[in-house]
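Below: one structure, written as structure tokens.
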Amino acid sequence: SSGLPIIHHGKCVCELPPSHRFPMGKFPRVFHFLLKDQVITEKQVWIPEIASEDVLSCVHSEDYLKNFINGTINEAEQRRTGFPWGGTVLAAEVALQRGLACSTAGGTHHAFPNYGSGFCLLNNLAVAAKYLMNKSPSKRKILIVDLDVHQGDGTAFIFKEEPYVFTFSVHCGKNFPLFKQQSDLDVSVEDGLEDEEYLSTNSHLPGVLETFRPDLVLYDAGVDPHWEDELGRLRLTDQLYQRDLYVLRAAVSRGIPVATVIGGGYSDIDKLALRHSIVHRAATK
Ligand SMILES: [Zn+2]
């Protein structure tokens, strides 16, 4: 395959009526718009495996996984729910080979080692970070840039004592979660923030890249800072494109591979899916 690698779980389901779409219907809809608008072709698609219990256990407790996997949901059900738990790991692996890779899902940053929270059951950002950190003979350094409007509390907690993972979160201070964890760098912003002020928070990134010197960036490009988002509380426009372009260029121009996940977003599904495709559009630029 050539061109920007797109990590997507399953097929385009645009031919199905809305009632037959997955509960997490936004993932296939993002993919649908990327194809429809010719941002990508099918040739660019990499299909992830379901993440194994081995991989997940580098972050999550054995008991939680046992109850979760045996008690709640089996592999066939995992596939049906459209939760592509292996997608972030694959995106990160492909990014290390190719420099840049984008998933059509991922960003479940509220999950803790032994419990789920805020629509997140397993923390795929943390799993990918820890798995790839350890997968190299000399440990890799991973930077997680989390620009979802909610603090990446699960991720911050998981890596609180881990010097090889740097967590950077820009979030709305009054938004969920009520009790914040401490990231390596937290930028808390006020309700109602607009494009210009928000984009100025990007200025923290070059310093982090140059002092921490990561081997890989995992970028959570959550679109819930958008003004139309039902949960966001900020007032950003589609200038989210500038945000994404800035993050991608900051890393790529320094020769640092980037894997992107779509993160949070809560709106009418087609508007939402289009909004989530902003990061893929920025990545093909
Ligand atoms: Zn969010």
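Every number for a ligand or one of its atoms is a count from 1 in the order of the listing. Positions are given from 1 along the sequence. Quick note: numbers below take in every heavy atom, side chains included, and nothing from hydrogens, waters or symmetry partners.
- His150 has its closest N, O or S atom to the Zn ion (ligand 1) at the position named ND1.
- Angle OD2 (Asp148) to the Zn ion (ligand 1) to OD2 (Asp224): 90°, rounded to 10°.
- Because its NZ or CZ atom is not both nearer than 6.0 Å to the ring centre of Phe166 and within 45° of the ring axis, Lys141 does not count as a cation-pi partner of that residue.
- Figure legend: Lys26 and Tyr266 shown as a cation-pi pair, the cationic atom lying under 6.0 angstrom from the six-membered ring centre and within 45 degrees of its axis.
- In this structure, a donor-acceptor pair under 3.5 Å is present between the side chains of Thr104 and His8.
- In summary, no N, O or S atom of His109 is located under 2.8 Å from the Zn ion (ligand 1).
- Contacts of Asp238 classified as salt bridge (Lys or Arg N to Asp or Glu O under 4.0 Å), with partners at least two apart in sequence or in another chain: none.
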